[in-house]
S.K.: 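Below you will find the structure I want to go over with you.
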Amino acid sequence: MTFDDVRRLTSAWPEVEDGASYGTPALKVRKKLLARLKEDRDSLVVPGVPADERDMLVASQPEIFYFTDHYRDYPTVLIRLSKAKRASVEPLLRRRWRELASKATVRTFDAR
């Protein structure tokens with residue numbers, strides 16, 4: 001996957017907008033971070049992943065999921081896009097989108 005693939009995937013979801021975060025391309029929902037491209041240009045920073053889930057992801061698929069010391073105390077996972085498939089990325093992004101989007105938007109989206 002690439003960041004452009006992630007952008008195309010999330011563009012089908014209401015309220016997702018292109019933005020920037022720490023000087024890198026980002027996707028936001030209502031001005032809140034959905035995900036951003038890390039400075040290495042290959043890793044996706046995905047907030048909203050609790051530490052226990054992140055640890056499970058890293059233990060089960062370390063070639064795809066990881067975190068650095070910087071993110072150790074944050075509910076965030078890093079995804080190596082060059083190794084990831086849509087099936088690994090989409091559920092985390094979709095859950096994060098559902099947390100950030102307005103309740104009315106989520107209801108309307110679910111009703112379609």
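All values below were derived from every heavy atom in this structure, side-chain atoms included, with hydrogens, water molecules and symmetry-related copies excluded.
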S.K.: Can you check whether K38 reaches L44 side chain to side chain, under 4.5 Å on heavy atoms?
M.R.: no
S.K.: Could you pull out all residues at least two apart from D40 that satisfy salt bridge (charged side-chain N to carboxylate O under 4.0 Å, His left out)?
M.R.: none
S.K.: List the atom of A35, the atom of P47, and the distance in Å for their closest heavy-atom pair.
M.R.: CA-CD, 4.4 Å
S.K.: Indicate the atoms forming the closest heavy-atom contact of P14 with W97, along with that distance.
M.R.: O-NE1, 2.7 Å
S.K.: Do you know the tightest heavy-atom contact between L81 and F3?
M.R.: CD1-N, 3.7 Å
S.K.: Might you point out which heavy atoms bring R72 and R54 nearest each other, and give the distance in Å?
M.R.: O-NH2, 3.1 Å
S.K.: With R41, which residues qualify under side chain to side chain donor-acceptor pair (under 3.5 Å), at least two apart?
M.R.: none
S.K.: Got a list of side-chain donor-acceptor pairs under 3.5 Å for residues 25-34, not counting sequence neighbours?
M.R.:
unit_1 : atom_1 : unit_2 : atom_2 : d
K28    : NZ     : A20    : O      : 3.1

S.K.: Could you work out, with side chain to side chain donor-acceptor pair (under 3.5 Å) as the rule, every residue matching D52, not counting sequence neighbours?
M.R.: none
S.K.: Is there a donor-acceptor pair closer than 3.5 Å between any side-chain N or O of T108 and the backbone N or O of A104?
M.R.: yes
S.K.: Just verifying a value: how many Å separate M1 CE and S88 OG, rounded to the nearest 0.5 Å?
M.R.: 9.0 Å
S.K.: Could you tell me which residues satisfy side chain to side chain contact (heavy atoms under 4.5 Å, CB included) with D55, sequence neighbours excluded, listed by chain and number?
M.R.: F67
S.K.: Among residues at least two apart in sequence or on other chains, which ones pass salt bridge (charged side-chain N to carboxylate O under 4.0 Å, His left out) with R107?
M.R.: none
S.K.: Return each pair, listed once, that meets salt bridge (Lys or Arg N to Asp or Glu O under 4.0 Å) where at least one residue sits in residues 6-16; pairs must be two or more places apart or across chains.
M.R.: D4-R7, D5-R8, R7-D18
S.K.: Side-chain contact, heavy-atom cut-off 4.5 Å: L78 with V46?
M.R.: no
S.K.: Find the distance between OG1 (T2) and CG (D42) and round it off to the nearest 0.5 Å.
M.R.: 10.0 Å
S.K.: Does Y71 form a side-chain contact (heavy atoms from CB on, under 4.5 Å) with V77? I'd like the steps, not just the answer.
M.R.: CA-CA 8 Å; Y71 292 102; V77 71; over 6 Å; no
S.K.: Under a single-linkage definition using a 4.5 Å side-chain heavy-atom cutoff for Ile, Leu, Val, Met, Phe, Trp and Tyr, are M56 and V89 assigned to the same hydrophobic cluster?
M.R.: yes
S.K.: So which pairs with a foot in residues 59-68 pass side-chain hydrogen bond (donor to acceptor under 3.5 Å, both in side chains), sequence neighbours left out?
M.R.: S43-Y66
S.K.: Return the set of residues passing salt bridge (charged side-chain N to carboxylate O under 4.0 Å, His left out) with R96 (not counting sequence neighbours), or none when no residue passes.
M.R.: E99
S.K.: Report yes if the side chains of I64 and I79 come closer than 4.5 Å at any heavy-atom pair, otherwise no.
M.R.: yes
S.K.: For T24, which residues count as a side chain to side chain donor-acceptor pair (under 3.5 Å) partner, sequence neighbours excluded?
M.R.: R36
S.K.: Taking side chain to side chain contact (heavy atoms under 4.5 Å, CB included) as the definition, give me every residue that meets it alongside P62, ordered by chain and number, with sequence neighbours left out.
M.R.: none
S.K.: Using the rule given for side-chain contact (heavy atoms from CB on, under 4.5 Å), can you reason through L93 versus L9, listing the C-alpha separation, both sets of side-chain angles and the distance that settles it, and then say yes or no?
M.R.: CA-CA 9 Å; L93 292 175; L9 165 69; 4.2 Å; yes
S.K.: If a pair satisfies salt bridge (Lys or Arg N to Asp or Glu O under 4.0 Å) and one of its residues is in residues 78-92, list it, with sequence neighbours excluded.
M.R.: R86-E90, E90-R94
